[in-house]
Amino acid sequence: MEEVLLEWAKAIHKENPVVDVHLDLAAEVYNRRLYGERDVVERLYLPHFFEGGLNLLVSSVFVSGRDLPEKGLHVAMAQIGALREDLEPLRDVICVVTNRGELERVLRDGRIGVLLSLEGLDPVGTDLYLLRAFYDLGVRGAGLTWSRPNAFARGCCLAGERKEISGGLTDLGREVVAKMEELGMYLDVSHLNNDGFADVVECARKPFVASHSNAWSVHENYRNLRDDQIAVLASCGGVIGLNACGTIAGAAPQPREQAIECLCRHAEHLMAVAGQEHVGFGFDLCNGLSASMPRLSFETEEDDLLLHHGETLLLSAALLGRGMKEETLAGLIGGNFLRYFRTVLG
Ligand SMILES: [Zn+2]
């Protein structure tokens, strides 16, 4: 990596908002605190957040299949509590934001904002009053399912088996989309299958996102979006987050140059199809969460193509080296998702 490109990338990250819309932070913090660790974000994440110039992060609330269905509600609420408690002593540098005013304040103060999103509505069960309760806890986004079938949608695979499945939204799924829009929560279609995606396009009235999905044309993985899906999501005003999970991107973490090059190809393709204002970062870095979980299933593989948020600079430098314009990169690293969230939280 040429030093001059890295310095250029650093300057761009410093002068422009940097946003990552998918990290399973609440789950990891909860797991680690259960085992007695404290100050998880401060020790394991904050230095890298600073290094990458991060301004806004979406922490998903992710409940593992082994806690469902009985403990779904319990674990989801406990994750939110654990994250808030872990962030409490750091309020001068990083805090949860729930509305436009809070978002603008943290950006102005140079703090890092954290939005909460449910990765799968399993904790809600079938009771939409619980969705309202999660909204009141600060949750501002949700995916209907994390891959597995539930009361709202079928999802993209049988979790744990990596076996692609079909079938879209249920009647309750359509109802919850309307309820989310009414409450002011954004909808995330990552982890839906093609039928589910089509159903969302049909019933959503507001722009939605695919927070951590890549391009099927670059790597054929059922978590990725076809070109026509990318185009329609963008035409509805949505944004797609580039995923740095090796399995989903289609590369191994080593050698580093090839891993970064693979992410560049996804970013460039997504932008070519969606338009440069409809792509951002949703890295889905999982190594930390994996390390905090019992090693039981594929959920615990370590194949992040970026090892931490400081390495977002390597990606930006590589994109600059491949000819991406500075203003295009500024949108990709955060401007595009920030514009979306300003609307959602408005
Ligand atoms: Zn996910």
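Read the numbers this way: they start at 1 and go in the same order the structure lists the ligands and their atoms. The analysis underlying the following values was restricted to heavy atoms, covering all of them including side chains, and did not include hydrogens, waters or symmetry mates.
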(request) Test side chain to side chain donor-acceptor pair (under 3.5 Å) on H308 and N287 and set out the steps. (result) CA-CA 9 Å; H308 53 71; N287 289 355; over 6 Å; no
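For the pair E119 (side chain) and D24 (backbone), a donor-acceptor distance under 3.5 Å is absent. Remark: side-chain polar atoms of N214 are not paired, donor with acceptor, to backbone N or O of N224 under 3.5 angstrom.
The Zn ion (ligand 1) is the vertex of the angle joining NE2 of H212 and OE2 of E119, which measures 90° to the nearest 10°.
Among the atoms of H191, an N, O or S atom falls under 2.8 Å from the Zn ion (ligand 1). Not a single N, O or S atom of D284, from either the backbone or the side chain, sits less than 2.8 Å from the Zn ion (ligand 1).
The aromatic rings of Y45 and F49 lie tilted to each other, with the angle between the two planes from 30° to 60°.
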